[in-house]
Protein chains: 2
Amino acid sequence: MGIAERRLRQKEEIRAIILDTAWEMVKKEGWQSLSIRKIAEAIEYSVPVIYDHFENKEAILLEFTKQGFQLLFKKLEKAQEKYDDPAAKLTAIADTYWDFAFKNKEYYQLMFGLGMACCEFEATPETMAIRKLTQDIINELIGKNKVNSTNSCLKYHTFWSVLHGLISIKMMRKWDVTDEVNKLVVKDAISGFIKNLQN
Amino acid sequence: MGIAERRLRQKEEIRAIILDTAWEMVKKEGWQSLSIRKIAEAIEYSVPVIYDHFENKEAILLEFTKQGFQLLFKKLEKAQEKYDDPAAKLTAIADTYWDFAFKNKEYYQLMFGLGMACCEFEATPETMAIRKLTQDIINELIGKNKVNSTNSCLKYHTFWSVLHGLISIKMMRKWDVTDEVNKLVVKDAISGFIKNLQN
DNA sequence: TATATTTGCTAACAGTGTTAGGTAAATTCA
DNA sequence: TGAATTTACCTAACACTGTTAGCAAATATA
């Protein structure tokens, strides 16, 4: 009997509509302002209907996280296929990853838990003090003959990003390696960075 | 007349109590569950009193952000002072930065907007697919004679962290450089990483 | 002492996620 | 077909958020 099938299909349909609608709202107004009630109103159903399809709000977000990683994987796979040389492959992956992040900010922010309440941080006296301290040291390492503002700024950003990247990934996940390995990763990354500055 | 002064002092005091109490709550239960009402209850004042000291909740968070950056700066400055060699200085800064992040998770998360709603992400099929794709390429670059699981895992994490660090810093700030410079930073960082793999 | 100011409260508004309980329609079974 | 059962859906509530208007009491000033 096709009745059960039709019901399943209809249920699937509403689920898809919920996701589509939610996604549109996120693109328009960001994750912070996505609410179950607004979704319900947009799809012209009452609130509890949404709970027939998702256990809670987090389940909806999780669905998008999964979508995000799937999309990213597809793009990375395709990008890398075009090359034979592993160095070229890796560069292509990096490029594609970067593009994905900025062309799909909504996905990326969700996937990596970016964008808490308060902080779209600006240049305050506090952050500038840290920047100056670090940048002066990096300039010394680059060497007086090769220092220029572009280069210096670039290397500072790289240094900081390596550190912050390592930390934020470590901080946001459970399934992780030991503290010793983590420390090794930093040491390795930073020593590599310093070597690269000097050549 | 000292009355006005005493009043100012008392006002300052309540402000400090609000911050202290809020900080304790955050250490116990994280940022997500910090609320104005809970603070009010804890300090045994009514809710609107808090608004006499802070414009809104975000202002409280901003205060902590500032504190965080000040503390971080102090630690970095001290750490770097112990060395003369700039390479040693920079290493000390990286080490100290790392320690700060994990000994003061609450600060760090707030300072860099980490920890949105849903994601303490785990190893899903989607993320593992990406990991395998990337790690295989990195292994090739390391060279068959030098590959081992520690090394491979380490380099994978470094690669990903560099990328994610660059992206997440770029994504969370307004006062930023042009897209071209950003792309330069990635290219530079990744080519440095690759060079480092091969030597 | 009378007036003005500050202080702190209650109570509300508007929003959030989530769920209990009831009704009416659709489907199944006798 | 008619009764029983399941399903779909909604209203209304609960327990929370941040924020603010308006009022009463304590304090300081004239």
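Within every chain, numbering begins at 1; the chains are lettered A, B, ... in the order of the sequence lines, protein sequences first and strands thereafter.
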Separation of D/dG18 P from B/I39 CD1 (nearest whole Å): 8 Å
side-chain contact (heavy atoms from CB on, under 4.5 Å) involving A/A16 - partner list, sequence neighbours excluded: none
Of the listed nucleotides C/dT16, D/dT19, C/dA26, the one nearest the side chain of A/K38: C/dT16
Shortest side-chain distance from A/S46, nucleotide among C/dT18, D/dT20, D/dC9: D/dC9
Test of ring centre spacing under 6.0 Å for B/W23 and B/Y107: yes
Whole-Å distance separating the CG atom of B/L61 from the P atom of D/dT17: 15 Å
Touch class at under 4.0 angstrom, heavy-atom based, for B/S35 against every strand present: sugar-phosphate
Touch class at under 4.0 angstrom, heavy-atom based, for B/N56 against every strand present: sugar-phosphate
Spacing of A/Q10 atom CD relative to C/dA26 atom P, expressed in whole Å: 11 Å
Flag, side chain of B/K183 to backbone of A/W98, donor-acceptor distance under 3.5 Å: no
Length of the line joining B/H53:NE2 and D/dG18:P, which is rounded to integer Å: 17 Å
Length of the line joining B/I43:CD1 and C/dT7:P, which is rounded to integer Å: 15 Å
Separation of atom CD in A/Q32 from atom C1' in C/dG15, rounded to whole Å: 15 Å
Closest nucleotide among D/dC9, D/dA8, D/dT19 to the A/K11 side chain: D/dA8
A/R37 (side chain) and C/dG15 (base): donor-acceptor pair under 3.5 Å: no
Length of the CD-C1' vector between B/E58 and D/dT17, whole Å: 15 Å
Among D/dA8, C/dT18, D/dC9, the nucleotide that comes nearest once only the side chain of A/V49 is considered: D/dC9
Residues from residues 12-30 of chain B lying under 4.0 Å of DNA chain D - heavy atoms: none
Residues forming a ring-ring contact (aromatic ring centres under 6.0 Å, His included) with A/F73, sequence neighbours excluded: none
Nucleotide nearest A/P48 when distance is taken to its side chain, options D/dA8, D/dT17, D/dT11: D/dT11
Donor-acceptor under 3.5 Å (A/T127 side chain, A/A123 main chain): no
OP1 or OP2 of D/dC9 under 4.0 Å from side-chain N/O of A/Y45: yes
Proximity to the side chain of A/I36 - top-ranked nucleotide from D/dT7, D/dT17, C/dG17: C/dG17
Whether A/K38 side chain and A/S33 backbone form a donor-acceptor pair below 3.5 Å: yes
Between C/dG8 (P) and B/E41 (CD): distance, integer Å: 18 Å
B/K57 side chain vs B/L34 backbone, donor-acceptor pair below 3.5 Å: yes
Side-chain donor/acceptor of A/T158 to backbone N/O of A/L154, under 3.5 Å: yes
Sugar-phosphate only, base, or nothing, as touched by A/L34 at under 4.0 Å among non-hydrogen atoms: sugar-phosphate
